[in-house]
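Quick notes on the structure that follows.
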Protein chains: 2
Amino acid sequence: MKVTADQALVKKINKSLILHTIRMHAPVSRARVSEMTGLNKATVSNLVAELCAQELVTEAGPGESSGGRKPLILHFNATAGSVIGIELRVKQLTAVLCDLDGGVLQEVDCPLAAHDFPYVLEQMKSIISGLIAQAPPSPYGIVGIGVGVPGMVDDGIVLFAPNLGWEMVDLRGILESSFEVPVTIDNEANAGAQGELNFGAARDVRHLLYISAGSGIGSGIIIGGELYKGARGYAGETGHMTIEAQGKPCSCGSRGCWELYASEKTYDNPGLSLPARTTGELVRHAISGQPDVLQHFASIGEYLGIGVTNLINSFNPELIVIGGALSEAEPWLGGPLRRVVAERTLPYHKQQLEITFSRLGSRGTVIGAGFSAVMHFLGNIRVTL
Amino acid sequence: MKVTADQALVKKINKSLILHTIRMHAPVSRARVSEMTGLNKATVSNLVAELCAQELVTEAGPGESSGGRKPLILHFNATAGSVIGIELRVKQLTAVLCDLDGGVLQEVDCPLAAHDFPYVLEQMKSIISGLIAQAPPSPYGIVGIGVGVPGMVDDGIVLFAPNLGWEMVDLRGILESSFEVPVTIDNEANAGAQGELNFGAARDVRHLLYISAGSGIGSGIIIGGELYKGARGYAGETGHMTIEAQGKPCSCGSRGCWELYASEKTYDNPGLSLPARTTGELVRHAISGQPDVLQHFASIGEYLGIGVTNLINSFNPELIVIGGALSEAEPWLGGPLRRVVAERTLPYHKQQLEITFSRLGSRGTVIGAGFSAVMHFLGNIRVTL
DNA sequence: AAACTTTGTTTAACCAATATACAAAGTCGG
DNA sequence: CCGACTTTGTATATTGGTTAAACAAAGTTT
């Protein structure tokens, strides 16, 4: 839809600019905000006054003088409200209660005995209710719920989640009518990408590729600092990228899909002599030097590298973050992965590219999901030219 | 850089909105522009008056009444200036003189005997001078030059063009100081994508993938109606995506790259019994039913399908346009390509996705390159929330 | 203690969009 | 053919945001 501009829009843009400047650079004075944004001091003063009245910004008394009047220090008021972040996995539900700055106040886990929608919804509701009850008193209370789901999502609807057997579930609508709070639904990899972007290994990166490698592979794509969701929410389903044209058949109907070679799906091969079938246990065997396990992780690392190379050539990100369950195996995957990428990418890519593993670990996704809810609450408006 | 908002910005946004609304929906009255944009009638009147004074919009007399006063018809003044669009290929330089609406006024071809930079620059300068001399008189004259280059481009600099042997060439700087006119440099596939998006098979598509298949493969990626260039201009180098993990070695240092299986590079295989080594000639043999050629095109079509499937899973575009020299072979490539994509993509993709071949043919790239220059001249400012 | 610095607020001016009224130019029904 | 209605486009006064400039407040430096 076309957006027209008027004075109200001007105010919204500048207020949002000031709020996020304070949020990301606190502690900071009005004068510095004025410098950083380029807005007039008077404008900053007026809008900060409104933000204080809204309790989104607090004044924390005078700071150090640098040769003149002491500045009045401003903080983003992360406790103006709370959000709930949820990660839905095949066998587990994880939820956190966060402040508006990604600080975890409470964390809950809940194993899932099944994954039919009615059962999962029941568990989810009970976890949410529990966290809502524990939320500290605050001006705005619970301002949103963010959910990360292992599947394709468009506009709050879970279009298709193969590992759960869900199809066309209006998760946002259902949760919103249950709790009467704004709900955001994201793909699990997208949530992880948001988490690392804002609170983890990828702060201030403009073009990020987050690879969630676990029971399958999904990617969260950040372009120009923003999540790219594709035409209808299907972007980032990179696990089904072909890397062997005549490779193994996949349940998706294609052949040679990346996730058949570089995810936990590789554990299912009956021909392998692996001592375990979960990443956690395999990591323990790797620590004790089990050769079969070391060999298997090396192979996964190499195949991860092949897929990552393909994505580098398409997206040319500044940074790649590997997350998901397999990131626990970083010590054994990292070397082969980086080696293959170095061998196969175009020379120019090598200069600029960094590859790291998740810094937030398993918390990245829940925090990212919660952050979506925070951004929905705070708003985020910008001008592009 | 942060952009602050003030009244000047408001005016810029609305004026740009009105200009582009007229450009895309002419002939149109002030009243209809007001309806379409949501701007007040008075605002439209004022800004249209300014646009008329700038000669970017013209009033074309009264139109048909629909029960009241006759509307005054407005047109975008495509002849307010001209641009030059250039496509640089390994063996050929193509250039067009266009009006501001992509209408071709003059077209020039020039074979390239070599492709060292000094020689190519000389040819380019002489072609440009020739077209400038032929430009019709207009208020703004030549308002820009747009060039499409077979290589990676960032901020006007050709970072790397393997097929030309160029590296770090400041093409924009050089052309701007020669002709004292704004110059835009784009990757050849990106220019083609822009051409199809604005004047060809992909009008009004929001997420487009343009595949330029010729001597190599490159992709132009349009996200949300805008060109996505990646972190440093390398995005879309999809020809070097691995589709056979242990496949043929490629000059890029990797193995099994897509363009080894699905571009004109396949003609070089000495083991093949092809009667020719250019797409144009092979198409003639295909028309006469040569079995080897039919077989080879079918293979290229299938491999194109594999790579396209990968890109679909990553980008989830609404539309895929196949351009470049190989698009001439559409009758033989289209079937196998669509079949493989149908076999291999996730079920949900099939519902929304369309695959077409270039509608502008070889002109798509030059026109797209010229269009970049037009947009640079007109400006394009929007609000994102 | 006087001069200078830095911070934040007040004041008046400016300017773009808007609602409203209005003028101009048409259609349509009897 | 005339009066009522419609549609288009312009003029006017109002609103409300940013801004420059002056100013007030509270420091530091010499």
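Each chain gets a letter, A, B and so on, in the order its sequence line appears, and its residues count up from 1. Heavy atoms only: backbone and side chains are in, while hydrogens, waters and symmetry mates are out.
- Between the CD1 atom of B/I142 and the OG atom of B/S82 there is a distance of 4.5 Å, given to the nearest 0.5 Å.
- Of all the heavy atoms in B/G156 and B/D170, the pair that sits closest is O-OD1, 4.0 Å.
- Among the protein residues, A/A5 comes within range of the sugar-phosphate backbone only, with heavy atoms under 4.0 Å from sugar or phosphate atoms but none that close to a base.
- Checking side-chain atoms of B/D186 against main-chain N and O of B/A191 turns up no donor-acceptor pair under 3.5 Å.
- A straight line from CG of B/D6 to P of C/dA17 spans 12 Å, rounded to a whole angstrom.
- The backbone N or O of A/K12 lies less than 3.5 Å from no partner atom in the side chain of A/S16, so there is not a single donor-acceptor pair.
- Atom-to-atom, CD1 of B/I13 to P of D/dT18 comes out at 14 Å; the value is rounded to the nearest Å.
- One N or O on the side chain of A/N198 and one on the backbone of A/Q194 form a donor-acceptor pair closer than 3.5 Å.
- Minimum atom distance to the side chain of B/A42 is reached by C/dT18, of the listed C/dT18, D/dT19, C/dC15.
- For A/S34 (side chain) and A/L39 (main-chain N/O), a donor-acceptor pair under 3.5 Å exists by modelled atom type.
- Contact annotation: B/T43 reaches the phosphate of C/dT18 (side-chain N/O to OP1 or OP2, under 4.0 Å).
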Problem - side-chain hydrogen bond (donor to acceptor under 3.5 Å, both in side chains) evaluation trace for B/N77 with B/T58 - result: CA-CA 6 Å; B/N77 183 13; B/T58 49; 5.2 Å; no

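- For B/K41 and D/dT12, the NZ to P distance is 16 Å, given to the nearest whole Å.
- For residues 53-61 of chain B, proximity to DNA chain C is found at no residue, defined as any non-hydrogen atom under 4.0 angstrom from a strand atom.
- A/A80 approaches A/P139 most closely through the heavy-atom pair O-CD, 3.3 Å.
- Between A/S29 and C/dG8 there is a side-chain polar atom (N or O) within less than 4.0 angstrom of OP1 or OP2.
- Take the nearest nucleotide of DNA chain C for A/P71 and for B/L39: the residue whose nucleotide is more 5' is A/P71.
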Got a list of protein N/O to nucleotides 1-5 of chain C N/O distances below 3.5 Å?
from  : atom 1 : to    : atom 2 : distance (Å)
C/dT5 : O4'    : A/G67 : O      : 3.2
C/dT5 : O2     : A/G67 : O      : 3.4

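- Between the NZ atom of A/K11 and the P atom of C/dC15 there is a distance of 21 Å, rounded to whole Å.
- The distance between atom CG of A/N40 and atom P of C/dA13, rounded to the nearest whole Å, is 17 Å.
- Listed candidates were D/dG17, D/dG9, C/dA17. Nearest to the side chain of B/V10 is C/dA17.
- A/Q7 has its CD atom 10 Å from the P atom of C/dT18, to the nearest Å.
- Look at CG on B/L47: it is 13 Å from C1' on C/dT18, rounded to the nearest Å.
- Heavy-atom nearest nucleotides on DNA chain D were determined for B/K70 and for A/K15, and the one closer to the 5' end corresponds to B/K70.
- Remark: side-chain polar atoms of A/R172 are paired, donor with acceptor, to backbone N or O of A/D155 under 3.5 angstrom.
- Contact annotation: A/N46 side-chain N/O to D/dT18 OP1/OP2 distance is not under 4.0 Å.
- Residues A/K15 and A/Q54 have side chains that bring a donor and an acceptor to within less than 3.5 angstrom of each other.
- In this structure, CD of A/E64 is placed 13 Å from P of C/dT7, rounded to the nearest angstrom.
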